[in-house]
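Reading through the structure tokens given below for one structure.
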Amino acid sequence: MGLLVNRNISASLSALVALFAFGCGKAASAAAESAPSEPAHVIIEALSDQQSVAPGQTFRVALVERIQPGWHTYWINPGDAGQATRLRWTLPSGYRVDEVQWPVPQVFRSGPLVTYGYEGEVVLLQNVHAPAGLASSPANLSVEAQWLACQDICIPEHGVAQVTIRQEPTAAQHVPSASTTVFTTASERLPRPSPWGASLAVGGTSVVLTVHGIARDLPSSAKVQFLPLTWGEIDNAAQQRTVRSGADLLLTLARGDLRSSALAGLDGVLVLGPGSGQLQGQGFLLHAAVSGADAPRAK
């Protein structure tokens with residue numbers, strides 16, 4: 001797993017350094033809630049929002065990344081370079097885990113490249129569903145994580161973390177864990193479902209994304225940016241032009257590397273708030289379909 005550059009930009013030196021670092025630092029220790037593993041640039045820790053689980057209960061787990069200053073990891077769509085963090089859970093029999101809930105990312109600009117990711121600390125949440133029948137022994141949930149840590153170079157890293165919770169064979173009162181604040185804060189950083197409808201007009205070199213009714217709620221000085229969930233659909237580095245039309249907001253976006261492919265819709269996060277470089281303002285999950293198209297949503 002080496003440096004992934006999406007716009008055919010030469011990165012041979014970075015890739016060689018990354019591969020060397022990966023070969024030398026591949027090993028990582030297992031970690032419980034109180035003992036996170038410690039790779040070179042990112043410390044990971046697994047947490048649960050419950051101390052115990054009852055039959056059929058849904059609870060949440062978290063993979064916490066504590067990232068060394070000056071370094072960053074990546075969002076589900078890394079942008080023009082990079083690779084999203086990958087999680088693989090090993091669960092007791094009968095348990096199942098949902099997809100990662102990705103927080104609103106930061107936007108990083110480096111020369112002609114724009115990438116999406118996280119600095120400092122990021123928490124990746126997932127829902128876990130317990131089976132209808134439980135043993136009386138504790139449940140061990142283990143996660144193997146792989147990520148790309150980037151500064152001037154990118155280094156593939158990985159680690160394993162685990163969390164143990166009690167299993168209650170009969171229904172029991174939910175007992176929150178000591179990590180409740182982590183989950184509350186992480187939930188606040190997730191994009192919300194959009195209260196506005198959206199539509200899409202597709203041209204050869206650009207698309208116009210119309211967000212209906214948002215202008216009534218949006219101050220004139222507000223900054224708006226659309227972050228696509230799928231790589232290649234729009235040009236990340238191109239300027240996004242915004243125009244108000246009555247209660248609607250029209251964003252003109254340049255098409256990306258997949259411009260020759262048919263585009264029936266766009267899925268992404270509409271971010272309202274200050275500019276790039278910090279965790280931005282509130283994000284809203286947005287789906288915009290071409291009028292009359294039955295467009296599948298990006299995953």
Side-chain angles (χ1 to χ4, degrees), residues 1 26-39 42-67 73-76 83-105 118 120-147 149 156-193 229 285 297 299:
M1 181 178 68
K26 190 174 179 181
S29 60
E33 234 180 281
S34 58
S37 62
E38 298 187 15
V42 179
I43 296 174
I44 65 170
E45 185 177 15
L47 303 171
S48 169
D49 69 345
Q50 299 292 322
Q51 295 183 26
S52 62
V53 59
Q57 181 184 347
T58 297
F59 59 100
R60 292 185 298 174
V61 292
L63 190 283
V64 182
E65 293 182 357
R66 297 184 177 94
I67 305 165
T73 60
Y74 290 98
W75 188 43
I76 184 174
Q83 189 171 74
T85 297
R86 299 175 181 177
L87 305 182
R88 185 175 66 183
W89 284 89
T90 299
L91 305 174
S93 177
Y95 284 75
R96 60 184 178 88
V97 61
D98 291 343
E99 296 294 325
V100 173
Q101 300 171 35
W102 296 89
V104 177
Y118 307 101
E121 180 174 297
V122 61
V123 179
L124 305 180
L125 299 176
Q126 291 174 267
N127 290 331
V128 177
H129 307 275
L134 297 178
S136 57
S137 57
N140 294 313
L141 295 78
S142 176
V143 59
E144 180 182 0
Q146 296 178 327
W147 61 88
E157 297 179 350
H158 84 287
V160 177
Q162 67 179 18
V163 59
T164 301
I165 59 176
R166 298 192 306 273
Q167 296 187 108
E168 304 288 350
T170 58
Q173 182 178 2
H174 294 182
V175 181
S177 73
S179 306
T180 300
T181 302
V182 173
F183 287 87
T184 300
T185 302
S187 296
E188 292 171 351
R189 294 184 176 179
L190 295 176
R192 304 173 186 174
L229 287 181
L285 286 170
R297 300 195 176 202
K299 296 187 184 295

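Separating the OG1 atom in T58 from the CD atom in Q50 is a distance of 10.5 Å, to the nearest 0.5 Å. In this structure, the separation between CZ on R166 and OG on S52 is 4.5 Å, given to the nearest 0.5 Å. Here CG of L141 is found 5.0 Å from CG of L91. Values are rounded to the nearest 0.5 Å. Rounded to the nearest 0.5 angstrom, Q101 CD and R189 CZ are separated by 15.0 Å. Once rounded to the nearest 0.5 Å, the distance linking OG of S136 with CD of E168 reads 9.5 Å. Expressed to the nearest 0.5 Å, how far CZ of R96 lies from CG of N127 amounts to 9.5 Å.
Residues L47 and V163 come closest through the heavy atom pair C-CG2, 4.2 Å. Considering every non-hydrogen atom in both I44 and G159, the closest pair reads CD1-C, 3.5 Å. When every heavy atom of S137 is checked against every heavy atom of Q167, the shortest pair comes out as O-NE2, 2.6 Å. Minimum heavy-atom separation, L63 to V143: CD2-CG1, 3.9 Å. In terms of heavy atoms, V123 sits closest to A62 at CG1-CB, 3.6 Å. Closest approach of P131 to S93, counting heavy atoms only: CG-O, 3.9 Å.
The shortest side-chain heavy-atom distance between V61 and W89 falls under the 4.5 Å cut-off. Side-chain contact between L124 and P103 is present, with at least one heavy-atom pair separated by less than 4.5 Å. With a 4.5 Å cut-off on side-chain heavy atoms, W147 and Y74 do not count as touching. Contact check for E121 versus V64: side-chain heavy atoms found under the 4.5 Å cut-off. Residues L229 and W75 have side chains in contact (heavy-atom distance under 4.5 Å, counting atoms from C-beta outward).
Under the 30°/60° scheme for interplanar angles, the aromatic rings of Y95 and F59 are found to stand perpendicular.
Side chain of D49 to backbone of R60: a donor-acceptor contact under 3.5 angstrom is found.
For the side-chain contact (heavy atoms from CB on, under 4.5 Å) with L87, the lone residue among E144, Q126, Q146 that qualifies is Q126.
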